[in-house]
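Notes follow the structure.
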Protein chains: 2
Amino acid sequence: MNRPLHERIRQDFETRILAGALAPGERLPTEQALMAHYDCARMTVNKALSALATAGLVDRRKKAGTFVARPRVHSMAMDIPDLGAQVAERGQAYRFDLALRREMHAATGRAQAPMEWKVDGSVPLLELEGIHFADGAPFALEHRFVNLTAVPEILDADFTGSSPGTWLLEHVPWTEADARITATGAGATEARLLAVEPGAPCLCVERKTWRGSEPITYVRQLFVAGAYELTAHFGPGARRDT
Amino acid sequence: MNRPLHERIRQDFETRILAGALAPGERLPTEQALMAHYDCARMTVNKALSALATAGLVDRRKKAGTFVARPRVHSMAMDIPDLGAQVAERGQAYRFDLALRREMHAATGRAQAPMEWKVDGSVPLLELEGIHFADGAPFALEHRFVNLTAVPEILDADFTGSSPGTWLLEHVPWTEADARITATGAGATEARLLAVEPGAPCLCVERKTWRGSEPITYVRQLFVAGAYELTAHFGPGARRDT
DNA sequence: TCGTTTTTAATGTATAGACAAAATAGCGAA
DNA sequence: TTCGCTATTTTGTCTATACATTAAAAACGA
């Protein structure tokens with residue numbers, strides 16, 4: 001009972017909501033009623049209910065009151081860990097082989113189309129292509145474009161062995177990102193590089209990132225089926241506080 | 001300037017942190033300093049900084065102060081929307097065909113193994129299998145187990161036309177979930193049901209959900225490559241509040 | 001010098017009150 | 001009836017203050 005009071009109030013209702021004792025749409029007591037019930041100040045009750053509101057468990061409307069929120073959007077936190085670190089964690093040897101490194105402009109080549117990236121044609125880009133190896137066996141293909149206006153220092157980086165993703169993760173924080181996950185069959189060239197049959201199923205992850213409104217990088221990663229999986233988790237572990 | 005003050009303070013620092021003006025590990029001013037700077041009460045500053053703390057942007061330690069948090073895990077919010085709603089949104093006709101409906105126990109059949117689900121063998125389960133159609137063409141296969149102890153009402157539900165996922169989303173809020181996303185080739189039976197070649201690449205989404213510590217459901221969805229994609233987004237748009 | 005105790009600076013929690021804002025409810029007039 | 005105004009309820013924000021808690025830093029003693 002030595003936990004903070006606002007925390008106790010919050011948890012009281014969280015428990016009841018999650019257990020279904022309070023149905024979605026149901027109204028919960030007013031702050032006045034609760035401050036009488038818990039014998040505390042309104043600010044304390046307010047803090048508890050506000051926390052529930054920002055957590056999305058309840059909706060609060062002036063004059064109307066506080067209501068249990070409808071089941072929220074089905075969204076989960078997905079981890080996209082650093083490939084090198086993940087391979088190393090499994091006790092395998094990691095290597096990245098750079099296959100292509102080219103400075104270019106967005107207007108040049110076929111960069112604009114596959115990216116669907118809103119960069120001006122005059123923006124200087126660094127195009128990188130390479131293969132990720134685990135214990136000597138290729139397991140992923142990576143094709144990346146980096147905005148040199150935003151990240152000029154990447155020209156001095158060395159990618160023989162470590163991947164551009166690792167470098168970017170450590171040097172350029174992003175504030176916004178879009179990802180697209182699909183399954184696809186390996187093309188002829190891709191199959192050869194990954195040492196699989198053409199048409200073999202692959203997991204394709206495409207990701208665009210921005211810092212503010214400035215595009216940073218676009219990457220398309222192709223994983224051999226079975227060699228990689230994405231995991232996502234949603235739950236209390238993802239939003240513990242205090 | 002008519003936005004609440006605590007919100008303005010919060011955003012001031014959020015902006016500077018995300019822009020990199022405040023480096024990870026860097027200490028930000030004390031509440032005393034900030035209440036002088038913004039000419040307001042300490043509670044107001046406290047509210048702003050506490051919000052940043054629960055959002056994971058800063059760490060707060062007593063006596064030591066408030067510090068910019070180290071770059072957090074590379075995790076993004078992934079939307080796993082309701083299939084029916086999503087198909088309908090694209091202007092296509094949605095249909096779900098139930099192919100199998102069986103009450104069973106966890107110990108029976110091959111339920112335990114594929115689920116890797118920690119349910120006691122005596123737990124009554126409802127096994128469901130069906131196909132999702134868009135404009136008459138099959139695009140996903142679904143195999144699901146539902147814990148009847150947790151959700152007995154599902155026995156009265158009717159799944160001719162609408163999917164179990166939709167029903168569950170509306171009737172049983174979950175509090176915890178794990179997901180696994182892989183690419184795989186279609187098996188013989190699966191290929192026949194989905195009207196594709198055996199071995200054709202498919203996106204496989206497996207998901208387990210709990211309410212509290214009680215298992216609710218396990219589902220494995222197999223999507224024809226190209227017919228479906230998962231998208232994820234991370235950015236300011238994903239966590240707007242107030 | 002090293003380990004222990006005390007101080008102190010910072011956040012954490014809570015109070016009581018005030019005013020603002022918004023949305024519902026009710027009432028009155030066209 | 002319907003439109004529009006007003007009153008009221010409920011949450012939103014903010015203040016000023018108090019005391020608790022914690023951990024770093026300083027003081028102290030062997």
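Below, chain A is the first sequence line, B the second, and so on; all start at residue 1.
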Rounded distance in Å - CD (Gln32(B)) to P (dT8(C)): 16 Å

For atom CD of Glu31(B) and atom C1' of dA9(C), their distance in whole Å: 12 Å

Flag for Tyr38(B)-Asp12(B): side-chain donor and acceptor within less than 3.5 Å: yes

Salt bridge Arg95(B)-Asp97(B), side-chain N to carboxylate O under 4.0 Å: yes

Residues forming a salt bridge (Lys or Arg N to Asp or Glu O under 4.0 Å) with Arg42(A), sequence neighbours excluded: Glu31(A)

Gap between atoms CZ and P, on Arg27(A) and dT9(D) respectively (whole Å): 12 Å

Residue whose nearest DNA chain D nucleotide is more 5′ - Thr30(A) or Lys62(B): Thr30(A)

Phosphate OP1/OP2 of dT11(C) contacted by Thr66(B) side-chain N/O (<4.0 Å): yes

Value in whole Å for how far the P atom of dT15(C) lies from NE2 of His6(A): 11 Å

Distance below 4.0 Å between Arg61(A) side-chain N/O and dA23(C) OP1 or OP2: no

Protein-nucleotide distance (Lys63(B), atom NZ; dA24(D), atom C1'), rounded to Å: 5 Å

Within residues 34-49 of chain A: residues closer than 4.0 Å to DNA chain D (heavy atoms): Arg42(A), Met43(A), Asn46(A)

Arg207(B) charged N/C atom sitting above Tyr218(B) aromatic ring, 6.0 Å / 45°: no

Student check: side-chain heavy atoms of Val58(A) and Phe67(A) closer than 4.5 Å: no

